[in-house]
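Take a look at the structure set out below.
Counting from 1, the numbers follow the sequence of the chain as shown. Just so you know, ligand 1 is whichever comes first in the structure, and atom 1 is the first atom listed for that ligand.
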Amino acid sequence: MNKIKIPVEVSARHIHLSQKDLDKLFGKNYVLYKIKDLSQPGKFAAKEEVKIITPPSSPTFEKGGRISLHVLGPVRPESQIELSLTDAIRLEVDAPMVVSGNLKNVKSFIEVKGPKGKAKVKAIVAERHIHCSPEEARAAHIKNGQKVSMEVVSGRGLVFNNIIVRVDKNFKLSCHIDTDEANACGLGKVRGVGYLI
Ligand SMILES: [Zn+2]
């Protein structure tokens with residue numbers, strides 16, 4: 001049988017905002033300015049950035065350094081910050097590893113600052129996942145909610161287990177890993193390729 005090939009994309013730390021938080025940070029009825037379409041239809045990178053207000057005990061804060069987050073659009077019902085585990089340790093925030101958007105039981109917050117104000121936003125480490133359309137899922141013999149394994153082919157190639165499959169008619173086949181995972185398999189910021197195993 002032919003191996004199923006999956007494009008792999010690296011998600012750097014970022015923030016999704018609700019209109020309410022967007023208003024708090026950037027001003028009333030603010031509209032995000034799109035700079036780049038992302039691989040998933042309708043999703044885009046915005047020009048806007050916010051700064052994390054780090055805890056006073058953090059070494060990053062001591063040095064006067066601030067971590068910024070790119071805003072990804074469109075606006076969502078609830079705001080969410082996605083960090084790598086390295087970021088979470090550095091920021092001293094106990095961000096749980098959950099599927100993006102599953103915020104019900106999340107109790108970790110980070111305060112961020114925009115040009116017009118501040119907002120407290122839930123922080124998570126997003127579980128690695130594969131996006132696909134129903135047709136792509138059928139062709140790859142995978143189902144929504146299933147956990148699969150994928151081998152990344154690179155100089156430091158490795159096998160990722162427990163990748164959650166997310167099927168939606170608006171999705172396009174792609175595996176999303178974070179910067180820690182990308183560094184572990186030597187992808188850096190580059191896009192890569194994986195094969196289901
Ligand atoms: Zn994704």
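For the pair Lys116 and Phe26, the NZ or CZ position fails the cation-pi test of under 6.0 Å to the six-membered ring centre and within 45 degrees of the ring normal.
Restricting His129 to its N/O/S atoms, the shortest distance to the Zn ion (ligand 1) is reached by NE2. Within His131, the N, O or S atom at minimum distance from the Zn ion (ligand 1) carries the name NE2. Among the heteroatoms counted here (N, O or S) of His176, ND1 is the one nearest to the Zn ion (ligand 1).
Note on Val98 and Leu83: separate hydrophobic clusters, where clusters join Ile, Leu, Val, Met, Phe, Trp and Tyr whose side-chain heavy atoms are under 4.5 Å apart, directly or indirectly.
In this structure, Ser108 contributes its side chain and Val93 its backbone to no donor-acceptor pair below 3.5 Å.
Residues His129 and His176 bring their aromatic ring centres within 6.0 Å.
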